[in-house]
Amino acid sequence: GDSVTQMEGPVTLSEEAFLTINCTYTATGYPSLFWYVQYPGEGLQLLLKATKADDKGSNKGFEATYRKETTSFHLEKGSVQVSDSAVYFCALSDGGGDYKLSFGAGTTVTVRA
Amino acid sequence: EAQVTQNPRYLITVTGKKLTVTCSQNMNHEYMSWYRQDPGLGLRQIYYSMNVEVTDKGDVPEGYKVSRKEKRNFPLILESPSPNQTSLYFCASSPFRTGVYEQYFGPGTRLTVT
């Protein structure tokens with residue numbers, strides 16, 4: 001079945017540092033890939049997405065590129081802010097009969113001023 | 001404002017006392033789903049619905065029921081809650097028929113069963 005593996009946290013960074021969260025996946029076919037973000041006390045928000053190989057999703061300074069050859073979708077941001085402190089989830093949907101999202105375990109990121 | 005709403009946001013109950021968590025969306029989405037979030041496990045799908053009167057089990061359906069009598073509503077029912085159902089629950093909806101598979105999530109319901 002589908003699965004997503006993302007780097008374990010927690011991750012603690014200083015403001016303006018570079019952030020990378022690794023995500024790899026196993027899926028049949030050609031899944032759509034997503035990064036969701038959960039700010040403290042809130043629900044999940046879609047951060048960015050990519051629907052086919054070599055697509056780059058971007059939003060709020062975050063980027064991730066769909067790499068089919070390495071089955072990866074790593075999240076990056078060049079200069080983090082305190083407001084980026086959140087839990088980040090990598091997810092995929094293969095558009096199969098249940099259309100479900102398969103999630104990674106989540107990575108907690110804390111940015112210090 | 002396009003949104004998914006859930007009620008209640010917080011609930012503490014006792015083992016065996018039936019409860020319902022409501023979910024409503026105003027985006028005319030056909031697809032709706034329930035997930036539970038547990039530390040270290042990410043989110044796991046409980047039940048989903050492709051349309052009115054069409055529901056099916058997800059990965060962890062034991063101990064839960066759902067119904068879909070109207071397009072906008074998708075309540076989650078725990079007939080006899082147990083402590084292992086203590087979790088954070090999210091409802092989501094998706095315009096999946098457009099070929100867009102992303103899902104839009106509600107704010108979550110934190111359930112504690114003692």
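Sequence lines set the chain letters: A, B, ... in the order given, protein chains first and strands last, and positions in each chain run from 1. Nothing here was measured: the structure is a model prediction, and the numbers come from that model. In what follows, every heavy atom counts, from backbone to side chain, and hydrogens, waters and symmetry copies are set aside.
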Residues of residues 106-114 of chain B near chain A, each having a heavy atom less than 4.5 Å away: B/Gly106, B/Pro107
Listed by residue number, which members of residues 78-91 of chain B have a heavy atom under 4.5 Å from any heavy atom of chain A?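 Residues B/Leu88, B/Phe90 are the ones that qualify, each having a heavy atom under 4.5 Å from chain A.
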Check each atom of B/Asp38 against the heavy atoms of chain A and say whether the ones under 4.5 Å are side chain, backbone, both or neither. neither
Turns out that what part of B/Leu43 lies under 4.5 Å from chain A's heavy atoms comes down to both
Can you tell me which portion of A/Gln6 sits under 4.5 Å from chain B's heavy atoms? Options are side chain, backbone, both or neither. neither
Take a 6.0 Å sphere around [atom1] of [X] and say whether it holds more than 12 heavy atoms from other residues, nucleotides or ligands.
X       : atom1 : answer
B/Leu41 : CG    : yes
A/Tyr39 : OH    : yes
A/Glu16 : CD    : no
A/Glu8  : CD    : no

Euclidean distance, B/Tyr31 OH relative to A/Lys100 NZ, rounded to 0.5 Å: 9.0 Å
Under 3.5 Å, is there a donor-acceptor pair between the side chain of B/Tyr35 and the main chain of A/Leu101? yes
If you compare all heavy atoms of B/Gly40 against all heavy atoms of A/Ala105, which two are closest, and at what distance to 0.1 Å? O-CB, 3.4 Å
Please tell me whether [X] and [Y] are part of a single hydrophobic cluster in this structure, the criterion being side-chain heavy atoms less than 4.5 Å apart.
X       : Y       : answer
B/Val60 : B/Val21 : yes
B/Met32 : A/Leu46 : no
A/Phe62 : A/Val11 : yes
A/Leu33 : A/Leu47 : yes

Side-chain heavy atoms of A/Phe34 within contact of B/Gln103, under 4.5 Å: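 Counting from C-beta outward, A/Phe34 and B/Gln103 never come under 4.5 Å.
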From the list B/Arg9, B/Arg44, B/Gln37, the residue making the most non-hydrogen contacts under 4.5 Å with chain A is B/Gln37
